[in-house]
Amino acid sequence: MSSTPNEPATPQQPGQDQTSSAPQPGASQAGPPQYGATPPSAPQFGAPPAYGAQPGPAAPGYPGAPQWPGESLQPGGQTPVERPKKVEISFWLIIVAGVLNLVSAILTAMLIGDTAQYRDLVRQMEQSGGSADSLRSTLTVTAIVVGVVQLGLYLLVAFFVRKGANWARILGTVFAALSLLSLVGGNAMSIIVVLLGVAAIVLLYLKDTSPYFAKRPKF
C-alpha cells in the first residue's frame, strides 16, 4: 500500500522573525464581548460626575441646571432684580392717592348743591324749563364715574410701576404733572391727592430706584 509523500516545508527566508505570528507582549487578547456586558468606556446614564469635575453650563430652565450660590433664574434665563424699597413705597402712595381721589369725587358729588356754581346752573335750568333734580343727578353720576376711571388709571400705573415697567413710570409722570393744575382752587383732599402722587413719582427717579426700571424686561 503506497503512501502520499509529504510536501517539503517552505524554506525560511534569512532574517525573517520566527515569532512574527506569536502574540506581542502587552497586546490585548480580549475576545468578543459577552452578551449583556457593558463596554468599559460607555457612559452610564444618570451617573454622577467624576470627583472634582466642573459641571458644564446647562440650558436655562432645565431641571437640575447648575446655579451659582444665591442666584436664581427667571424664565428665559434672566437674573431677577430685587425691587427697591422706595419703589414699594411709591406703589402704596399711588394706591392711597387713587382711593382718596375717588373719595374726593364722591364727596364733591354729595356736596355739589352747596356751591355757588351749582346754584347758578340751577337758576339757568329753571329759566329754560329744566329740572334741578335731573341736573343734580347728572352731575353726581358724572363725578362718580370720573372718580372710578381715575382710580383705574392710578391702579394701572401703580401695579406696572411695581413690576418695573418704564412706560408706567412715564405715564405716572404725565398724570402727576397734569394734577398740579388742580392745586389752583382745589379743596384740601384734592391737594393731598396731588402731593401723594407727586411724591410717589419723585421716588421712582431717585438714584437707587432708576436702575430697577432699566434692568427689567419690557412689558
Side-chain angles (χ1 to χ4, degrees), residues 71-122 124-125 134-219:
E71 180 182 276
S72 59
L73 296 179
Q74 289 180 336
Q78 297 176 348
T79 303
V81 181
E82 184 178 359
R83 182 187 301 120
K85 187 170 295 186
K86 292 180 181 178
V87 173
E88 192 72 17
I89 295 175
S90 175
F91 166 78
W92 288 110
L93 287 178
I94 297 174
I95 294 294
V96 173
V99 172
L100 290 181
N101 183 74
L102 178 60
V103 173
S104 177
I106 295 175
L107 291 178
T108 301
M110 294 174 59
L111 302 176
I112 194 172
D114 298 334
T115 61
Q117 293 84 354
Y118 176 76
R119 288 192 291 269
D120 293 338
L121 288 175
V122 170
Q124 295 175 6
M125 288 287 294
S134 62
L135 176 62
R136 184 183 183 92
S137 301
T138 301
L139 294 178
T140 300
V141 173
T142 301
I144 295 176
V145 170
V146 170
V148 171
V149 172
Q150 290 177 343
L151 176 61
L153 294 176
Y154 275 98
L155 296 178
L156 176 69
V157 172
F159 280 98
F160 277 95
V161 158
R162 195 184 193 189
K163 293 182 178 180
N166 192 47
W167 64 264
R169 181 174 65 159
I170 296 174
L171 184 61
T173 304
V174 174
F175 289 160
L178 294 176
S179 67
L180 295 175
L181 300 176
S182 62
L183 292 177
V184 180
N187 53 31
M189 185 166 292
S190 63
I191 294 176
I192 294 175
V193 170
V194 172
L195 294 179
L196 288 175
V198 171
I201 296 301
V202 170
L203 289 176
L204 302 178
Y205 285 92
L206 297 180
K207 184 178 180 180
D208 53 343
T209 55
S210 292
Y212 176 70
F213 296 91
K215 297 179 181 179
R216 299 295 293 177
K218 305 300 181 182
F219 292 94

Once you round to the nearest 0.5 Å, how far does [atom1] of [X] lie from [atom2] of [Y]?
{"X": "I89", "Y": "T209", "atom1": "CD1", "atom2": "OG1", "answer": "10.5 Å"}
{"X": "W92", "Y": "R162", "atom1": "CH2", "atom2": "CZ", "answer": "6.5 Å"}
{"X": "I191", "Y": "L196", "atom1": "CD1", "atom2": "CG", "answer": "12.0 Å"}
{"X": "N187", "Y": "T108", "atom1": "CG", "atom2": "OG1", "answer": "5.5 Å"}

Quiz item: What is the minimum heavy-atom distance between A176 and G197, and which atoms define it?
Solution: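 Reported closest heavy-atom pair: CB-O, 4.4 Å.
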Quiz prompt | Distance-minimising heavy-atom pair for S182 and S190 | solution =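 Result for this residue pair: O-OG, 4.4 Å.
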Self-check item: Any donor-acceptor N/O pair, S104 side chain to L100 backbone, under 3.5 Å
Solution: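 No, the answer is negative, given that no donor and acceptor are paired below the 3.5 Å cut-off.
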Quiz prompt | Contact list for residues 193-213, test salt bridge (charged side-chain N to carboxylate O under 4.0 Å, His left out), sequence neighbours left out | solution =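 As it turns out, the salt bridge (charged side-chain N to carboxylate O under 4.0 Å, His left out) pairs with a partner in residues 193-213, which skip direct neighbours, are K86-D208.
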Quiz item: Any side-chain heavy atom of S179 sitting closer than 4.5 Å to one from V193?
Solution: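 A side-chain contact under 4.5 Å is absent here.
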Quiz item: Does a side-chain heavy-atom distance below 4.5 Å link F91 with L204?
Solution: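 Answer no - side chains too far apart.
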Exercise. Tell me, with the steps shown, if L180 and V194 meet side-chain contact (heavy atoms from CB on, under 4.5 Å).
Key: CA-CA 7 Å; L180 295 175; V194 172; 3.9 Å; yes
Exercise. Might you work through the side-chain contact (heavy atoms from CB on, under 4.5 Å) test for S90 and R169, ending with a clear yes or no?
Key: CA-CA 11 Å; S90 175; R169 181 174 65 159; over 6 Å; no
Quiz item: Should the ring pair F160 and W167 be called parallel, tilted or perpendicular, given that the plane angle runs from 0 to 90° and is split at 30 and 60?
Solution: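 Tilted.
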Quiz item: Is the cationic atom of R83 (NZ for Lys, CZ for Arg) positioned less than 6.0 Å from the six-membered ring centroid of Y212 and within 45 degrees of its normal?
Solution: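 No - R83 does not lie over the ring of Y212 by the 6.0 Å and 45° rule.
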Under 3.5 Å, side-chain donor or acceptor atoms of residues 142-158 against the rest of the protein: list the pairs with distances, not counting sequence neighbours.
| residue | atom | partner | partner atom | Å |
| --- | --- | --- | --- | --- |
| T142 | OG1 | T138 | O | 2.7 |
| Q150 | OE1 | N101 | ND2 | 2.4 |

